[in-house]
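Heads up, the thing below is written out as structure tokens.
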There are 2 protein chains.
Amino acid sequence: MALIDQPQDQQGAFSLPPGRALEICRQLEMAILEHRILPGMKLNEDEVGETFGASRTVARSALQALAHSGLVTIERNRGAFVSRPSIREAHDVFEARALIEPRIARMAARAMSDDDLTMLRAHIENEHSAVHSGNKGQALSLSGAFHLAIAEVANQQVLTQIMRPLISRSSLIIALYWRRPDTTCESHSHEALMKAFAARDPFAAEEVMKSHIVDLHSGLDLVERPAAEPTLAAVFSGDPGSKT
Amino acid sequence: MALIDQPQDQQGAFSLPPGRALEICRQLEMAILEHRILPGMKLNEDEVGETFGASRTVARSALQALAHSGLVTIERNRGAFVSRPSIREAHDVFEARALIEPRIARMAARAMSDDDLTMLRAHIENEHSAVHSGNKGQALSLSGAFHLAIAEVANQQVLTQIMRPLISRSSLIIALYWRRPDTTCESHSHEALMKAFAARDPFAAEEVMKSHIVDLHSGLDLVERPAAEPTLAAVFSGDPGSKT
DNA sequence: AAGCTCAGGATCGTATACAATCCTTGTGCA
DNA sequence: TGCACAAGGATTGTATACGATCCTGAGCTT
């Protein structure tokens with residue numbers, strides 16, 4: 001089912017929550033990134049703990065970690081909610097990405113090895129199959145993973161760490177403000193990126209990435225949205241730890 | 001007693017630890033930024049809690065928050081230590097700053113109001129008096145605060161949030177790798193920045209900031225350093241909340 | 001009927017207690 | 001003397017318990 005990616009702990013880990021909390025973090029993050037949990041939803045500490053068979057202490061730690069990456073907003077004495085990025089924040093996030101990611105793409109194109117290329121191609125394959133299977137949430141999540149994979153090729157750990165929450169928040173923004181339900185343009189842009197990478201053309205990669213980010217930004221319909229608040233328990237029905 | 005500073009929560013707060021932990025965070029952060037606690041030092045949970053008159057739960061939460069901003073590194077079953085940025089990381093951090101901060105400076109120069117200008121001038125005054133009083137740690141900390149103040153003028157919350165840990169980590173890097181104990185060049189660069197801001201010249205501000213960051217980067221002597229490990233108790237001897 | 005008050009429940013913040021892990025150190029043996 | 005190993009202490013990971021705060025809704029007053 002979800003043999004998507006191994007733990008892969010030691011990659012960019014400098015502030016990972018301890019033990020069990022990490023697993024809860026990953027599960028919740030994936031659920032949010034795949035839009036199985038929507039912005040605005042309440043994340044009750046007891047409920048989270050019980051859902052994953054852990055104590056409230058651990059659940060709380062996981063929620064705080066998610067808050068630090070911006071996926072969750074904690075209000076004192078009120079609890080944790082999936083963040084609902086404001087329109088203003090949506091603009092800021094994509095402006096930040098428009099600044100950072102083209103540079104990352106340039107560095108990646110310089111450092112790109114043959115193995116890296118095949119790895120990125122595999123990412124794109126995954127995206128395609130997700131799109132074909134109709135799982136839009138997973139497709140979007142994998143699209144974010146593609147951007148992160150590029151950052152890791154660029155081998156700039158600090159910028160990679162910076163990009164991670166930006167991409168996560170982009171997922172929230174798209175959940176709230178995306179204009180049409182198609183993500184085909186994504187696929188196309190990623191193909192264009194691959195071409196630049198394959199040619200080891202840093203400037204082309206930089207330019208393609210820049211226009212890709214701008215496209216995403218302009219694909220948003222930035223008007224106020226009401227909050228949707230589904231229930232939690234159904235999302236993790238039965239498989240809190242199903243993933244060898 | 002503790003009319004130190006009002007909460008002031010809502011500024012850049014989207015993941016602040018709750019209640020008491022926030023105060024501990026602030027105190028520890030300041031101590032680290034002012035080099036009263038040096039990289040590599042162990043931060044025992046019991047000790048931190050007792051030092052600030054709080055339970056281990058709160059101390060732990062504060063340490064985890066600091067870990068998320070990169071000031072502290074937590075190793076499983078071993079505890080929290082003040083981070084010791086590697087040489088590699090030092091390069092990465094300053095490359096990231098060289099990418100982000102010139103853009104910030106440009107935006108700040110555009111958005112600069114007269115009030116902003118006087119506010120920044122006050123920052124520089126503080127720096128000067130700290131330098132003259134011989135308190136190098138505080139001077140360095142204020143220098144970082146100046147950069148953050150610029151970011152807030154630029155009114156780009158996301159990039160500001162990104163800059164915060166970068167500047168904090170820069171402080172650690174300087175503690176470990178700074179070549180000479182003088183920071184006068186800092187002051188000079190900041191004056192040059194002010195001139196560009198006063199003239200509302202975005203491009204000048206961008207260029208000055210860029211060379212400022214590059215100067216900082218090249219002022220580092222990036223060779224391996226041994227870890228210094230002083231004791232904690234002395235640092236906070238009796239004044240957990242003394243700070244006008 | 002509308003609005004206010006206040007009790008009850010629910011949820012979070014914090015403290016404490018127990019379990020698991022790691023590090024130290026002292027001892028026994030080669 | 002040097003090393004292997006085990007017992008003890010120290011420290012972190014996790015669970016539970018208690019207090020504080022907030023939200024809800026019933027009942028009373030106007």
Side-chain angles (χ1 to χ4, degrees), chain A residues 7 9-10 13-28 37 40-68 71-83 227 229 231-233 240-241, chain B residues 2 7 9-10 13-28 37 40-68 71-83 227 229-233 240-241:
Chain A
D9 277 356
Q10 63 278 28
F14 68 91
S15 77
L16 265 27
R20 317 268 290 287
L22 176 61
E23 186 54 30
I24 298 182
C25 246
R26 290 251 164 83
Q27 297 277 344
L28 282 177
I37 309 180
M41 176 172 176
K42 175 79 182 287
L43 295 174
N44 186 293
E45 293 181 354
D46 277 320
E47 203 176 352
V48 170
E50 199 167 338
T51 302
F52 293 98
S55 141
R56 197 162 71 87
T57 307
V58 178
R60 187 181 174 79
S61 173
L63 289 174
Q64 288 185 349
L66 287 173
H68 285 294
L71 273 182
V72 155
T73 301
I74 295 178
E75 299 177 28
R76 182 175 175 94
N77 280 323
R78 287 191 24 89
F81 304 80
V82 179
S83 295
E229 307 202 14
T231 85
L232 168 61
Chain B
D9 279 355
Q10 63 277 27
F14 67 91
S15 78
L16 264 27
R20 319 266 292 285
L22 176 61
E23 186 55 30
I24 298 182
C25 244
R26 291 247 167 87
Q27 295 279 341
L28 282 177
I37 309 180
M41 179 173 173
K42 176 77 183 289
L43 295 174
N44 185 295
E45 293 182 354
D46 275 321
E47 203 176 353
V48 170
E50 198 167 339
T51 301
F52 293 97
S55 141
R56 197 161 73 85
T57 307
V58 178
R60 187 181 175 79
S61 174
L63 288 173
Q64 289 185 349
L66 287 172
H68 286 293
L71 274 183
V72 155
T73 301
I74 294 178
E75 299 177 29
R76 180 171 175 97
N77 280 322
R78 287 191 23 87
F81 304 81
V82 178
S83 295
E229 305 203 13
T231 86
L232 167 61

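Letters go in sequence order (proteins before strands), and every chain restarts at 1.
- At whole-Å resolution of the value, NZ in A/Lys42 and P in D/dC22 are 14 Å apart.
- With sequence neighbours excluded, no residue forms a side-chain contact (heavy atoms from CB on, under 4.5 Å) with A/Asn77.
- Looking only at distances, a side-chain donor or acceptor of A/Thr51 sits under 3.5 Å from a matching main-chain atom of A/Glu47.
- Heavy atoms only, all atoms of each residue included: B/Ala65 and B/Cys25 are closest at CB-SG, 3.6 Å.
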- Worked check of side chain to side chain contact (heavy atoms under 4.5 Å, CB included) between B/Phe52 and B/Gln27: CA-CA 9 Å; B/Phe52 293 97; B/Gln27 295 279 341; 3.6 Å; yes

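- The backbone N or O of B/Gly53 lies less than 3.5 Å from a partner atom in the side chain of B/Arg20, making a donor-acceptor pair.
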Give me, pair by pair, the N or O atoms of the protein and of nucleotides 15-18 of chain D that are less than 3.5 Å apart, along with how far apart they are.
unit_1	atom_1	unit_2	atom_2	d
D/dA15	OP2	A/Ser55	N	2.9
D/dA15	N7	A/Thr57	OG1	2.9
D/dT16	O4	A/Thr57	OG1	3.4

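- Rounding to the nearest 0.5 Å gives a distance of 11.0 Å between CG of A/Leu66 and CZ of A/Arg26.
- Residues forming a side-chain contact (heavy atoms from CB on, under 4.5 Å) with A/Ala80 (at least two apart in sequence, or on another chain): A/Leu43, A/Leu63, A/Val72, A/Ile74.
- The interatomic distance linking A/Leu22 (CG) with D/dG13 (P) rounds to 13 Å, in whole Å.
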Identify all pairs in which a protein N or O lies below 3.5 Å from an N or O of nucleotides 5-10 of chain C, and state each distance.
none

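- B/Gly79 and B/Lys42 make their closest contact through CA-CE, 4.1 Å (heavy atoms, listed as atom of the first residue, atom of the second, distance).
- Picking from D/dT21, D/dT12, C/dT14 the nucleotide with the shortest atom distance to the side chain of A/Arg60 gives C/dT14.
- Residue B/Arg78 places at least one side-chain N or O under 4.0 Å from the OP1 or OP2 atom of C/dC23.
- Atom CG of A/Asn77 and atom P of D/dG19 are 17 Å apart (whole Å).
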